[in-house]
2 protein chains.
Amino acid sequence: MISNIAELIADRIGTMPASERRAAQTLIAFYPMIGLKTVAEFSAAAGVSSPTILRFVARLGFQNYPEFQSSLQDELAAQLQSPATRTLNPPSPGGGTVSPMLEATLDNMRETFRHLSDKQLADIAARLADRRGKTFLIGGRFTDPLARYMAAHLAIIQPDVFHLAGQESMWRDRLIDMGKRDVLVIFDIRRYQDSLLRFAEKAHQRGVQIVLFTDQWLSPIARLARHVIAGRTAVPSAWDSSAALFVVAETLIGAVTRQLEAEGAKRIREMESLR
Amino acid sequence: MISNIAELIADRIGTMPASERRAAQTLIAFYPMIGLKTVAEFSAAAGVSSPTILRFVARLGFQNYPEFQSSLQDELAAQLQSPATRTLNPPSPGGGTVSPMLEATLDNMRETFRHLSDKQLADIAARLADRRGKTFLIGGRFTDPLARYMAAHLAIIQPDVFHLAGQESMWRDRLIDMGKRDVLVIFDIRRYQDSLLRFAEKAHQRGVQIVLFTDQWLSPIARLARHVIAGRTAVPSAWDSSAALFVVAETLIGAVTRQLEAEGAKRIREMESLR
DNA sequence: CAAAATACGTAACATACGATACAGCGCTCC
DNA sequence: GGAGCGCTGTATCGTATGTTACGTATTTTG
C-alpha cells in the first residue's frame with residue numbers, strides 16, 4: 001500500500017519522461033520542502049519549466065498543484081504529530097485496554113507541553129501570584145473538578161482565591177466583586193457551555209483578566225482571554241481526556257507556589273498550626 | 001535567544017491586541033501547519049479578518065506573508081534534518097520549570113500503570129459497572145475533585161452514582177443507604193485524613209465494597225479496601241501530584257463506559273434530548 | 001466626559017501564481 | 001531518410017491571493 005507521496009513517486013518514476021523524472025528527483029532530494037514552494041521555485045530548482053512541474057504532479061494523480069501541496073502538508077502534519085513519540089514509549093507487549101489509553105494520554109501531554117512555552121507558563125504564574133487582585137476559578141460540567149483542584153491548592157498559599165460553585169445566578173452575584181486587577185480562571189472544553197461564555201463576557205466587560213484552559217479546538221471564550229492554554233483531549237474512549245489540562249494545572253500550581261515561596265511557606269505553617 | 005517563531009510569539013504575545021493574540025494562539029495550537037496555508041484559511045481558522053493576520057505577521061517582524069511562510073518552512077526543514085531536535089520547546093537549560101515537572105509526571109504514570117494489571121482494572125471496572133448496587137465517591141482535601149470528576153462521568157452512563165460532598169456529618173447520614181452490593185470509591189493520599197478513615201471503617205462494617213485510590217505509601221484505608229490503586233505522586237514541586245491517579249480514573253471511566261455500552265449509549269442519548 | 005488614539009473589519013486593488021494553448025524540437029519507427 | 005508521435009519550453013490568460021486604503025467601533029487618556 002502506498003501511504004505517502006515519496007513512495008508514490010518511487011513507484012511511478014520509471015514511467016516518466018526525462019524532465020519529469022528530474023522534477024521527481026529534485027523533490028525527493030529536497031523532500032518535502034521544495035514541494036511546498038511555488039511552481040516557479042520548484043521548476044527553477046529542478047532546472048525544468050513550470051508546465052513540466054504541473055504535468056509531473058498531474059501524473060502523480062493530483063488535480064492541480066494546490067491539491068498536491070495540501071497532500072504534502074497533511075503528510076507533514078501527521079509526521080509532526082506522532083513522529084518519534086510513538087517509538088519513545090516502547091509499546092508494552094501485553095497491550096490490553098490499558099495501554100492505548102495510557103499511550104494516548106502520554107502523547108497528549110507531550111503535545112500539549114510542546115505548544116506551551118516556559119515563558120507563557122511563567123507569565124500566567126506571575127499573574128496568578130500577583131497578590132493585588134483576587135483569583136476566581138470556574139469550570140464546566142466535567143472540568144469544574146479541575147477548577148476545584150486548582151483552587152484547593154492556590155487558596156492555601158494565598159488569600160483571595162475563590163472557586164465559583166453552584167448555579168449560574170450565584171456566579172453572577174460574584175461579578176460585583178470582580179475588577180481589573182482580578183483574574184478569572186476558566187476551564188471549558190467541548191462541548192463548550194453557553195453559561196460559561198456568558199459569564200466570561202460579563203467578567204471581560206468588567207476588565208477581569210481571563211485565563212482559559214480549553215481543548216485544542218479552542219472554546220469561544222478564547223477570544224476574551226488574556227492567556228489561553230490549549231490541551232490535547234483525544235483518547236481512545238467515549239470521553240475526552242482532561243488529563244493534559246490537569247497536568248498543566250499542577251505545573252502552574254507548582255510555579256505559583258515557588259513564586260510565593262516566602263509568604264507561602266509562612267502561610268502554610270500558619271495553617272498547619274490552626275489544625 | 002529566540003530561535004524559532006513559536007518562541008517569538010510567546011515573547012511578544014503579551015504586547016498584542018486581542019485579535020492578533022487570537023491569531024497567535026491559533027497558530028500555536030496548529031503549529032506550524034496553519035501558517036503554511038493561505039491568509040484566508042488562517043484568518044478563518046482564527047476567526048479574524050485577513051488584515052489582522054497580516055498585521056500579526058508584520059508585528060512579528062516579517063515584511064510580508066510569504067516571507068513569514070518561508071521562515072516557517074526553513075524552520076520545518078531544519079527540524080526534519082535532525083529529528084533529535086524536533087521539540088518545539090527545546091528543554092530550556094536555564095530555569096526550565098516545565099520539563100522536570102512534565103518528565104516526572106510522565107514517569108509517575110508509567111510506573112503507576114506498570115504496577116497495575118489489566119485484570120485488576122477490568123475487575124474494578126466490572127464492579128463499578130454492576131448495576132445491582134449503588135456507587136458512592138468521596139475524596140480528601142485535594143483529591144475530592146478527582147472523586148467529583150469520576151462521579152460526573154459515571155453518573156451519566158448509569159443511575160445511582162453519588163458524590164459525597166459537604167461535611168462529615170452529611171456523609172454519615174448517607175451510610176444508612178449503603179449495603180453489601182454497593183461500592184464506595186475513596187481517594188486518599190498523604191496526608192491521609194482521619195475523617196475518611198473513620199468513614200471507611202463504618203462503611204466497611206456495613207459490607208460496602210471499597211475501591212481505594214491512594215499513593216504509593218498506601219493510606220490506612222488500604223486494609224479495608226477490596227481494590228487498591230496505588231499511584232505515584234512524587235514530583236519536583238512543593239505539592240504531590242495526583243495526575244497519575246487522575247489518568248487511572250479516566251481509564252476506568254472509559255472501561256466502565258465500554259462495558260455499559262448498550263445501556264450507556266441509550267442513557268446518553270436520552271440525556272442529550274433532555275437538554 | 002470629551003477627544004484622541006488605537007484596533008479591527010470591509011471592500012477595492014495589484015500582482016504573483018497556477019493553468020493552458022501552442023509551437024519547436026528530437027526521437028522513433030516505418 | 002521522411003513522417004509521425006511525444007516531450008518540452010515560451011508566451012499568454014484568468015484568477016486566487018496578498019496587500020492597502022478607509023471608515024467604524026472601541027479603548028485610552030487628559
Side-chain angles (χ1 to χ4, degrees), chain A residues 5 12-27 32-73 178-181 200-210 220 222-226, chain B residues 5 9 12-27 32-73:
Chain A
I5 295 182
R12 304 205 184 167
I13 197 169
T15 73
M16 293 181 189
S19 285
E20 292 181 34
R21 201 172 312 147
R22 274 190 84 180
Q25 279 156 353
T26 17
L27 177 56
M33 301 318 292
I34 194 73
L36 297 177
K37 309 215 180 259
T38 66
V39 174
E41 284 177 279
F42 190 171
S43 68
V48 300
S49 69
S50 341
T52 298
I53 299 297
L54 295 174
R55 281 188 285 263
F56 163 67
V57 303
R59 193 183 298 268
L60 291 179
F62 296 99
Q63 293 301 317
N64 49 34
Y65 196 71
E67 185 184 299
F68 160 74
Q69 287 188 315
S70 294
S71 192
L72 271 181
Q73 282 188 15
M178 303 188 192
K180 281 191 213 299
R181 329 202 105 163
E201 275 170 346
K202 296 207 185 76
H204 182 68
Q205 279 165 21
R206 297 185 64 90
V208 178
Q209 312 247 1
I210 295 179
R223 183 168 59 78
L224 311 169
R226 183 72 169 227
Chain B
I5 296 182
I9 292 169
R12 305 205 183 168
I13 196 169
T15 73
M16 291 182 191
S19 285
E20 291 181 36
R21 209 154 47 219
R22 231 184 137 187
Q25 280 151 359
T26 325
L27 177 57
M33 300 319 290
I34 193 73
L36 298 177
K37 310 219 179 253
T38 66
V39 174
E41 283 178 280
F42 189 170
S43 69
V48 300
S49 68
S50 343
T52 299
I53 298 296
L54 295 172
R55 281 188 286 261
F56 163 66
V57 302
R59 192 182 299 266
L60 290 179
F62 297 99
Q63 292 301 317
N64 48 32
Y65 194 73
E67 184 184 302
F68 159 74
Q69 287 188 316
S70 296
S71 191
L72 271 182
Q73 283 186 12

Can you give me the N/O atom pairs linking the protein to nucleotides 12-15 of chain D at distances under 3.5 Å, or say none if there are none?
none

side-chain contact (heavy atoms from CB on, under 4.5 Å) filter on A/Ser70, not counting sequence neighbours, yields none
Whole-Å distance between C/dC8 C1' and B/Arg21 CZ?
14 Å
Atom pairs under 3.5 Å, N or O on each side, protein against nucleotides 1-6 of chain C: can you list them with distances?
none

Scan residues 47-66 of chain A for pairs that pass side chain to side chain donor-acceptor pair (under 3.5 Å), counting only residues two or more places apart or in two chains.
A/Glu20-A/Arg59, A/Ser49-A/Thr52
Mind checking what makes salt bridge (Lys or Arg N to Asp or Glu O under 4.0 Å) contact with A/Glu201, not counting sequence neighbours?
A/Arg223
For D/dG9, does OP1 or OP2 lie under 4.0 Å from any side-chain N or O of A/Thr52?
yes
Presence of A/Ser49 side-chain N/O under 4.0 Å of D/dT8 phosphate oxygens OP1/OP2:
no
Is A/Arg206 reaching over with its side chain to a backbone N or O of A/Gly179, donor-acceptor style, under 3.5 angstrom?
no
Residues from residues 59-71 of chain A lying under 4.0 Å of DNA chain D - heavy atoms
none
Under 6.0 Å from the CZ atom of A/Arg181, do we count more than 12 heavy atoms belonging to anything else shown?
no
Candidate nucleotides D/dT8, D/dT19, C/dG18, ranked by approach to the side chain of B/Leu54 - the nearest
D/dT19
Which atoms of nucleotides 21-28 of chain D (N or O only) lie under 3.5 Å from a protein N or O atom, and what are those distances?
none

Under 3.5 Å, sequence neighbours excluded: what are the donor-acceptor pairs made by side chains of residues 37-45 of chain A?
from, atom 1, to, atom 2, distance (Å)
A/Lys37, NZ, B/Gln73, OE1, 3.2
A/Thr38, OG1, A/Glu41, N, 3.2
A/Thr38, OG1, A/Glu41, OE1, 3.4
A/Ser43, OG, A/Val39, O, 3.2
A/Ser43, OG, A/Ala40, O, 2.7

Proximal nucleotide (of C/dG9, D/dG18, D/dT8) relative to the B/Val39 side chain
D/dG18
Could you tell me the separation between the NZ atom of B/Lys37 and the C1' atom of D/dG18, rounded to a whole number of Å?
18 Å
What is the bend of the helix from C/dC1-D/dG30 to C/dC30-D/dG1 when you compare the axis at one end with the axis at the other, using five pairs each and rounding to 10°?
30°
Taking only residues two or more places apart in sequence, or in another chain, which ones meet A/Ala200 in a side-chain contact (heavy atoms from CB on, under 4.5 Å)?
A/Ile186, A/Ile210, A/Ile221, A/Leu224
With a 4.5 Å heavy-atom cut-off, do A/Lys180 and A/Gln209 have their side chains touching?
no
